[in-house]
Amino acid sequence: HLLRVHNLLKRKYGKRMMMWGDIILQHPEHLEKIPKDTIMLTWGYGAKDSFEPQIVPFADSGYEFFVCPGVSNWSRILPDFGVAAVNIRNFVRDGVKHGALGMLNTDWEDDGESLDAPTWYGDAWGAECAWNGSTTSPEAFNRRIGAVLFGESGDRFGRAIERLSETHRLAGMEGMNNRRFWSDDFLPQQTPSATRASADRLLEIVRPAIEDLEACRKDASHNADLLDAVLFGARRMELIGQRMLDGMEVAELCNRARDLPPSDAVPLLMQAGQLVRKNRDAHEALGRQFESLWLREAKPYALDWTMDRYAATVARYDALSARLADACKLAKRGERFRDLP
């Protein structure tokens, strides 16, 4: 198949074939069957110290190649800026060492939720590393990048990126991917103390990052609209942390209501209902914002995939709110609260 593609490109169009290198590295005995004018695209996305095992086989066999790191945005609420920084820097460094033609920076949007604007940081870092052979330190880059992308006078954007990088390493956050955002934090927690600690730590990171991003947006002289998508991702993270705390508070209110006479249980159930509605409205608002941000960048196709997730989440909160309202009505009639139906 590859030989057919190669011959078609070369004979009919006068082009060179490029091919991803991962499969042939799994079958090195077949490498010599690939024409030597093929350009190999060797890729890897982890934060590894060395990428030479994915480079040396091609360099030693006489193939020209590109190194292909990535911005680590796939299926994540925001890109894992920390992994992307190490991945891009080290892959490009090793590529330069072994004579790479260049670098192709990759951006995958696996679950249809990723917005393009938050990848600009990884795109810019990739350009920096490719142009100077990975001789810039991430710290120096982070001090300058806000001025380059947005014209800000300080370094608030770079500081926000450094903070947000930490969220992907927090316990119980599943690498801060989109699946974590759709999790139900209003279910009973097996380890409430650990849950509270994770939520508190997440908010300690994200809220100062949001302040930095808002300050950068206010200071920006150009491309300020790109910051809206980064802020959107940070606020999704903030909502995760807050709803973890709210979910535990609702559980505590219901537990206390169970041990009280009906008249004393009513205000607790009403307070629980307010927390549920607050989270319901927060998810609905983020859904509207996602739709607006998506349509700035893309056509409506596939937008419904994510909007359906927001609608289902809002419906889940509506159902919980209705159950609490029914329990409150029963308590007002003098029936003791036991558990939500």
For [X], side chain to side chain donor-acceptor pair (under 3.5 Å) partners two or more places apart:
X: Asp212; value: Arg156, Arg163
X: Lys329; value: none
X: Glu32; value: Lys36

How is the hydrophobic cluster of [X] composed, in terms of its other members, when Ile, Leu, Val, Met, Phe, Trp and Tyr link through side-chain heavy atoms under 4.5 Å apart, directly or indirectly?
X: Ile23; answer: none
X: Leu8; answer: Tyr13
X: Tyr45; answer: Met18, Trp20, Ile39, Leu41, Trp43, Phe66, Trp74, Leu101, Leu104, Trp108

Within the 3.5 Å criterion, strictly below it, is a donor on Arg236 or Asn178 matched to an acceptor on the partner's side chain? yes
Parallel, tilted or perpendicular: which one describes the rings of Phe232 and Phe290, with boundaries at 30° and 60°? tilted
Ser321 side chain to Arg277 main-chain N or O, any donor-acceptor pair under 3.5 Å? no
Pair [X] + [Y], salt bridge at N-O below 4.0 Å:
X: Asp37; Y: Lys10; result: yes
X: Glu152; Y: Arg144; result: no
X: Lys218; Y: Glu211; result: no
X: Glu113; Y: Arg76; result: no
X: Asp339; Y: Arg323; result: no
X: Arg217; Y: Glu214; result: no

From Asp281, Asp185, Asp184, residue fulfilling salt bridge (charged side-chain N to carboxylate O under 4.0 Å, His left out) relative to Arg243: Asp185
